[in-house]
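The structure under discussion appears below in the form of structure tokens.
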Number of protein chains: 2
Amino acid sequence: MSDTDPKATRTGRPRSTAADAAILEATRASLVDLGWSKLTMSDVATRAGVAKTTLYRRWAGKNELVVDAVAVLFDELELPDRGSLAADVQGVVLQFAALLERPEARTALMAVVAESTRDDSLRHRIRSAIVDRQKRLVLLGRERAQARGELRYEDDASAAARNADLIFDVIAGAVVHRTLVSAEPVDAEWASGFTSLLLLGLAGAQAG
Amino acid sequence: MSDTDPKATRTGRPRSTAADAAILEATRASLVDLGWSKLTMSDVATRAGVAKTTLYRRWAGKNELVVDAVAVLFDELELPDRGSLAADVQGVVLQFAALLERPEARTALMAVVAESTRDDSLRHRIRSAIVDRQKRLVLLGRERAQARGELRYEDDASAAARNADLIFDVIAGAVVHRTLVSAEPVDAEWASGFTSLLLLGLAGAQAG
DNA sequence: GCAGTTACGCTACGGGTCGTAGCGTAAGGA
DNA sequence: TCCTTACGCTACGACCCGTAGCGTAACTGC
């Protein structure tokens, strides 16, 4: 979560875990109220009841702080087994969409991605803190579909990985683009249309 | 381009169109060198050889300026007829991807979209300046496919519009996500895999 | 207990950007 | 020539950044 992880027991006063929680909570609150561009470190410190220097002792700057603050939202993602691949895909889509309805996520996600185009370490942080958490759901859905016999197990491991990457980019990309660029709601109707398009494509790929 | 358009002839000294061009050019150069977050109005003004006040006379702020500066890149988008829907889709994908290779576009696009989540007027500006220019290609590709008989003409106009919106979000979203979030290249191989997935989905929708 | 070590709150600071006001000058139109 | 608008320039208060320095708080090992 923070930059340094206190492996084993260290000497000296330990870092306040309560401060960690308060800071991340304050960051989300500030994102809701002010949005990414007007969020300042001073404001977060004030909201958290913490000195500004304490923030800089744990995070290099606004980018890293916001990534960690938003990352916990992606821990809530779950994918109950709905019995079919179609229902599971629709579930994933609606989960992503629900997350993007939250103003903290809306304003922060694209902003940190934009920053990451010029900052490799930030990009890796986003990947492990956010993207991988999303991707879990896609991989889980595939496993279930294979167990059900809806998708076949692939022989070539690297080809399977490429395929999963493709499907993940299609699902996540479409939902994000619909929500943030087109600024149209991802409701049940859209999710249904998207799901059938994707599944027909996958079915065709299985056949061909 | 600027905020006010001089409809009809106005009295007084006209705005320098050379300054317009110099400012937008300087903005793109600054995006390349500094990136979105470190780009400042003062820097752009200096690069353009223009007073800072001149920028504020034409654009409300950094957001609007960058949108206009990047928008012209999307005018270069073209879609030569490659003879089949599959080839045309692949063409669109590679066009989008090539645009996102440019550092000005990479750093600016996601940033202004992030800003637009809290600024409706900015969102509309992005739509008309950027998104609609992309969407043209998708609509053009559909028309050609219909003329070739690869896709059937749809009766319900609103359903057709929803469908085009869906396909646009899928294509643009997938390419953007692949490029900026997954940070993997959109090469011919990926484009080919994506295209076949999409087309199989469309083919299935035509049949079902 | 006592020293050693690390975290915290607080204050203060130089450096930078923002967006605007005010002024004199330049470039067109009636 | 008068009127109107645009331009360059300077200066300004407000704000945020990221860091340094200090005294104090909390926890560990002896």
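In this text, all values refer to a predicted model and were calculated from it rather than measured experimentally. What's counted below: heavy atoms across the whole structure, side chains too, no hydrogens, waters or symmetry copies. Throughout, a chain's letter reflects where its sequence line sits, starting with A, and its residues are numbered from 1.
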Base, sugar-phosphate, or nothing: which does A:Ser16 touch, judged by heavy atoms less than 4.0 Å apart?
sugar-phosphate

May I have the step-by-step check of side-chain contact (heavy atoms from CB on, under 4.5 Å) for A:Phe168 and A:Leu139, ending in yes or no?
CA-CA 9 Å; A:Phe168 174 58; A:Leu139 297 177; over 6 Å; no

Round to the nearest Å and state the distance from B:Arg15 atom CZ to D:dG8 atom C1'.
15 Å

Quick one: is A:Arg10 getting a side-chain N or O under 4.0 Å of the C:dA7 phosphate, OP1 or OP2?
yes

Within 6.0 angstrom of A:Glu78 CD, more than 12 heavy atoms from elsewhere:
no

Could one point to a donor on the side chain of B:Arg57 or the base of D:dA6 with an acceptor on the other under 3.5 Å away?
no

With DNA chain C as reference, determine whether B:Asp43 or B:Pro14 sits nearer its 5' end, using the nearest nucleotide of each.
B:Asp43

Atom NZ of A:Lys62 and atom P of D:dC16 are separated, to the nearest Å, by 11 Å

In whole Å, I'd like the distance from the CG atom of A:Leu55 to the P atom of D:dC17.
10 Å

Taking atom P of D:dG18 as reference, at what distance in whole Å does atom CH2 of A:Trp59 sit?
15 Å

Sole candidate of B:Val175, B:Leu73, B:Val70 that passes side chain to side chain contact (heavy atoms under 4.5 Å, CB included) when paired with B:Leu99:
B:Leu73

When you get a sec, tell me which of C:dG9, D:dC16, D:dC27 is the closest nucleotide to the side chain of A:Thr40?
D:dC16

When only distance counts, do a donor and an acceptor, one from the side chain of A:Lys52 and one from the base of C:dG9, lie under 3.5 Å apart?
no

Give the minimum heavy-atom separation between A:Val44 and A:Ser30, together with the two atoms involved.
CG2-CB, 4.2 Å

Side chain of A:Ala51 - closest among C:dC10, C:dC18, D:dT28
C:dC10

Can you tell me if B:Thr54 touches the phosphate of D:dG8, counting only side-chain N or O atoms and a distance under 4.0 Å to OP1 or OP2?
yes

Nearest to the side chain of B:Tyr56, which nucleotide is it out of D:dG8, C:dG19, C:dG9?
C:dG19

Tell me: NZ of B:Lys38 to P of D:dC17, nearest whole Å?
14 Å

With DNA chain C as reference, determine whether B:Gly12 or B:Met41 sits nearer its 5' end, using the nearest nucleotide of each.
B:Met41

B:Ser42 side chain near C:dG16 phosphate (N/O to OP1/OP2, under 4.0 Å):
no

Can you measure A:Ile23 atom CD1 to C:dG9 atom C1' for me and round it to whole angstrom units?
12 Å

Using side chain to side chain donor-acceptor pair (under 3.5 Å) as the criterion, point out the one residue from B:Arg47, B:Lys38, B:Arg28 that pairs with B:Asp33.
B:Arg47

In whole angstrom, give the distance that lies between atom CG of A:Leu34 and atom P of D:dC15.
14 Å

Has the side chain of B:Thr53 got a donor or acceptor atom sitting under 3.5 Å from an opposite partner on the base of D:dC9?
yes

Taking only the side-chain nitrogens and oxygens of A:Arg13, find out if one of them lies under 4.0 Å from OP1 or OP2 of C:dT5.
no

